Amino acid sequence: MKLKVLGCSGGIGGPGARTTSFLADTDILIDCGTGVGDLELDALMAVDHIFVTHSHLDHIAAIPLLVDAVGEMRGVPVTVYAPPEVLRILRAHIFNWLVWPDFTAIPDRRRPFLRLQPLKVGESVRLGGRSITALPALHSVPAVGYCLDSGDRQLVYTGDTAYSPDVIAAINRCERLSHLIIETAFPDEQHGLALASRHLCPSMVVAMLDELTVTPRVHISHLKPGHGETILRQIAAAGGRLEPTALRQGQIIEF
């Protein structure tokens with residue numbers, strides 16, 4: 001599989017600050033933040049599946065705009081996969097006819113532009129020779145991470161998460177793991193804020209990585225604008241077993 005980073009910033013603010021979204025091959029989006037807006041129309045048309053980690057705006061902002069842009073030009077609906085609690089939030093607060101039309105009923109419920117598919121932790125979706133499995137995450141709202149399996153190697157994306165033994169155990173069960181994308185939103189000076197918002201800071205991410213029994217290449221995402229250099233310097237100074245690098249917009253990971 002090939003994963004292209006459309007956005008990996010923890011916020012907006014200047015060129016290259018696109019929020020979380022990844023294009024897997026040509027037909028799958030993993031999260032759907034503002035980075036999706038840089039895709040050309042034909043690339044948007046090719047997206048059949050969107051896997052959402054949680055309902056925060058920086059991870060879902062482009063879903064309604066994408067469906068609106070391509071819905072009438074497609075013969076099949078775009079399918080959004082997420083935990084049932086996340087789908088309920090999308091129905092109640094986005095596709096509610098107030099914030100945005102309910103594209104699960106447009107043009108009608110038999111032939112909608114959008115389909116919402118529940119996916120619980122531990123469940124997998126097979127797409128040809130590929131599979132995507134929902135993993136546990138610990139965030140301020142219901143959330144998951146995802147393991148992408150090409151049939152040969154695996155990539156794990158944690159989504160937004162705090163330190164969690166369940167997350168560590170799930171990553172360790174991915175025996176063919178070659179890449180790990182893990183967030184670090186705040187510097188250690190904001191440790192309390194990281195705890196309160198259920199994000200990671202450098203000391204916490206290094207502690208998680210040191211508990212891994214697998215040895216993937218580690219990519220740090222969700223750096224808050226203005227704090228990126230500090231966060232990366234603090235991770236490096238901690239001297240953990242693995243040596244993470246910053247994820248970059250436009251980066252392509254093959255596995």
Side-chain angles (χ1 to χ4, degrees), residues 1 3 6-8 19-25 27-37 44 47-71 74 76-97 99-106 109 112-127 130-149 154-162 164 166-167 170-171 174 181-183 197-199 221-222:
M1 294 181 71
L3 188 81
L6 304 178
C8 57
T19 67
T20 305
S21 46
F22 307 98
L23 181 64
D25 295 335
D27 58 331
I28 301 168
L29 284 173
I30 308 296
D31 275 337
C32 200
T34 61
V36 172
L44 295 175
V47 173
D48 292 323
H49 314 278
I50 304 174
F51 289 82
V52 175
T53 58
H54 65 290
S55 59
H56 282 159
L57 194 60
D58 55 329
H59 295 254
I60 66 163
I63 297 176
L65 298 173
L66 182 154
V67 176
D68 182 57
V70 304
R74 293 171 49 87
V76 294
V78 176
T79 300
V80 171
Y81 305 84
E85 301 90 337
V86 175
L87 297 183
R88 282 196 288 269
I89 293 169
L90 292 180
R91 281 190 180 278
H93 300 290
I94 302 295
F95 298 104
N96 60 5
W97 295 106
V99 172
W100 207 248
D102 180 4
F103 280 108
T104 66
I106 296 176
R109 293 198 178 276
F113 292 166
L114 174 67
R115 185 170 71 95
L116 302 179
Q117 179 64 43
L119 185 64
K120 296 180 181 179
V121 170
E123 291 185 338
S124 299
V125 176
R126 294 198 62 83
L127 301 169
R130 309 161 298 177
S131 68
I132 299 179
T133 303
L135 303 182
L138 178 61
H139 196 35
S140 56
V141 293
V144 293
Y146 289 108
C147 175
L148 284 63
D149 193 324
Q154 298 165 314
L155 178 148
V156 165
Y157 161 53
T158 66
D160 289 5
T161 190
S164 166
D166 289 341
V167 174
I171 296 171
C174 299
I181 298 174
I182 189 168
E183 68 119 285
S197 59
R198 290 192 168 176
H199 279 287
S221 70
H222 212 283

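Remember, predicted model here, so these are calculated numbers, not experimental data. Below, all heavy atoms of this structure are taken into account, side chains as well, without hydrogens, waters or symmetry copies.
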Taking the side chain as every heavy atom from C-beta outward, state whether Leu148 and Leu3 have any pair of such atoms under 4.5 Å apart. yes
Going by an N to O cut-off under 4.0 Å, is there a salt bridge joining Asp149 and Arg126? no
With a 4.5 Å limit on heavy-atom distance, are the side chains of Val80 and Leu87 in contact? yes
Expected output: side-chain Tyr146 to main-chain Val52 donor-acceptor under 3.5 Å: yes
Do you know which two heavy atoms are closest between Pro112 and Pro77, and how far apart they sit? O-CB, 3.2 Å
Looking only at atom types and distance, does a side-chain atom of Glu183 sit under 3.5 Å from a main-chain N or O of Thr158, one as donor and one as acceptor? no
Minimal heavy-atom distance between Pro64 and Ala61, with the atoms involved, is CD-O, 3.6 Å
CG on Leu155 to CD1 on Ile132, rounded to 0.5 Å: 10.0 Å
Rounded to the nearest 0.5 Å, the OG atom of Ser131 sits from the CD atom of Gln154 at a distance of 7.5 Å
Going by salt bridge (Lys or Arg N to Asp or Glu O under 4.0 Å), name the pairs with one or both residues in residues 47-71, residues two or more places apart or in two chains. Asp48-Arg74
Mind listing the closest non-hydrogen atom pair of Gly33 and Ser21 along with its distance? N-CB, 3.5 Å
Does any donor atom in the side chain of Asp160 or His56 lie under 3.5 Å from an acceptor atom in the other side chain? no
Give me the ring orientation class for Phe113 and Phe103: parallel if the planes are under 30° apart, tilted from 30 to 60°, perpendicular past 60°. parallel
Looking only at heavy atoms, which two atoms of Val141 and Ser55 are closest? And how far apart? CG2-OG, 4.2 Å
Arg198 side chain to Ser140 side chain, donor-acceptor N/O pair below 3.5 angstrom: no
Approximate separation, where rounding is to 0.5 Å, of Ile60 CD1 and Cys32 SG: 9.0 Å
List in chain and number order the residues that pass side chain to side chain donor-acceptor pair (under 3.5 Å) with Thr19, two or more places apart in sequence or in another chain; answer none if no residue qualifies. Thr34
Could you state the interatomic distance from CG (Leu90) to OG1 (Thr104), rounded to the nearest 0.5 Å? 11.0 Å
Keeping the roles fixed (side chain from Asn96, backbone from Val99), state whether a donor-acceptor pair exists under 3.5 Å. yes
Check: Ala143 main-chain N/O paired with Thr53 side-chain donor or acceptor under 3.5 Å: no
Please report the interatomic distance CG(Leu135) to OG(Ser124), rounded to the nearest 0.5 Å. 8.5 Å
Taking salt bridge (charged side-chain N to carboxylate O under 4.0 Å, His left out) as the definition, give me every residue that meets it alongside Asp27, ordered by chain and number, with sequence neighbours left out. Arg130
Where does the angle between the aromatic ring planes of His49 and Phe51 fall among parallel (under 30°), tilted (30 to 60°) and perpendicular (over 60°)? tilted
In the structure I gave you, are the side-chain heavy atoms of Leu127 and Asp25 within less than 4.5 Å of one another anywhere? no
Interatomic distance, Ile182 atom CD1 to His222 atom NE2 [nearest 0.5 angstrom]: 12.5 Å
Only residue of Val67, Ile30, Val78 satisfying side-chain contact (heavy atoms from CB on, under 4.5 Å) with Ile50 is Val78
Report yes if some heavy atom in the side chain of Val36 is under 4.5 Å from a heavy atom in the side chain of Leu44; otherwise report no. yes
Using a 4.5 Å cut-off on heavy atoms from C-beta on, say whether the side chain of Pro83 contacts that of Pro142. no
